[in-house]
Amino acid sequence: MDATSIMLAGRVGLAVLLNPTASTVLARGACMGAGIVYPAYASFCALENRHEWLPAGVDEQTWLMYWSVYGMYSLVEDCCGDALRSLPLYYHAKCAMLLWLALPQTRGASLLYSRFLRPTLSRFRPKIDVCVARAGEAAAYTYAMYKVPIDALIAAMGAGSCQAKEFVAWLFDGKGSSTSGRGTGRNTIIS
């Protein structure tokens, strides 16, 4: 490629990236890659002891710190999401921050964890433990109280899933049984 083509491609790329409307989709995709896909794969590699492409010193603890910080960031983003998303170039800044958090070269998540998250959680840990225990008890009580309706809902979802699979099979290749996999005879697929 000649210099003119490179300069033109650079200008077009810059125009797209700096246009908040046109680049939001690209920036959101980059946020997913930088904030979820790369850290998930790197966490998998750390858990499987496959560190050949990670810098020295990056292990499970590093990724646990990342996911702890990412979880707190997600909580803040859920609470303030509309206000944050209305800021111009928000997803560009989010992508840069997620890269700073995730990349082993910058160790941003380790820094935020050790300076802010760990001291805060350590300070409030007794209260958090009580809340978690109460929430667990409430969930167990709720499940015990509504076990039959919950199990029925799960069974209905399973039956619906089976019926949906048969419908998709019938739709695409014209095959599939004339009834659902449950043998009730009520849910007939028209052929």
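Counting from 1, the numbers follow the sequence of the chain as shown. In this text the structure is predicted, and so the values were computed from the model without any measurement.
- Leu64 and Ile36 are not part of a single hydrophobic cluster, where members link through side-chain heavy atoms under 4.5 Å apart.
- Heavy-atom contacts from other residues, nucleotides or ligands closer than 6.0 Å to CZ of Arg118 number 12 or fewer.
- Residues Ala34 and Leu99 share a closest heavy-atom pair of CB-CD2, 3.6 Å.
- Environment of OH in Tyr143: crowded, with over 12 heavy atoms of neighbouring residues, nucleotides or ligands closer than 6.0 Å.
- Partners of Ser110 according to the side chain to side chain donor-acceptor pair (under 3.5 Å) rule, which considers only residues two or more places apart in sequence or in another chain, do not exist here.
- In this structure, Tyr70 is a member of the same hydrophobic cluster as Leu111, with clusters built from ILVMFWY side-chain heavy atoms closer than 4.5 Å.
- In this structure, Leu101 CG and Met97 CE are separated by 5.0 Å, a value rounded to the nearest 0.5 Å.
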**Request:** For the pair Thr62 and Arg107, evaluate side chain to side chain contact (heavy atoms under 4.5 Å, CB included) and give the outcome as yes or no after the intermediate values.
**Result:** CA-CA 8 Å; Thr62 303; Arg107 298 189 184 262; 4.3 Å; yes

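- Evaluated for a side chain to side chain contact (heavy atoms under 4.5 Å, CB included) with Ser68, the options Leu121, Leu117, Leu112 yield exactly one hit, Leu117.
- Across every non-hydrogen atom of Gly33 and Pro39, the tightest pair is O-CD, 4.1 Å.
- When hydrophobic clusters are built by joining Ile, Leu, Val, Met, Phe, Trp and Tyr residues whose side-chain heavy atoms come closer than 4.5 Å, directly or via intermediates, Phe124 is grouped together with Tyr73.
- Taking Trp100 as the reference, nothing meets the ring pair (Phe, Tyr, Trp, His ring centres under 6.0 Å) condition, with sequence neighbours excluded.
- Here CG of Asp82 is found 11.0 Å from CG of Leu87. Values are rounded to the nearest 0.5 Å.
- A single hydrophobic cluster is seen to contain both Leu75 and Phe116, as judged by linkage of ILVMFWY side chains at heavy-atom distances under 4.5 Å, directly or through other members.
- For the atom pair Cys31 SG and His92 NE2, the distance stands at 9.0 Å (nearest 0.5 Å).
- Under the side-chain hydrogen bond (donor to acceptor under 3.5 Å, both in side chains) rule, Ser43 has a single partner from Trp63, Tyr66, Tyr38, Trp67, which is Trp67.
- Tyr90 and Glu77 share a side-chain donor-acceptor pair at under 3.5 Å.
- Put simply, Ile128 and Met72 are part of the same group of oily side chains (I, L, V, M, F, W, Y) that touch within less than 4.5 Å, one to the next.
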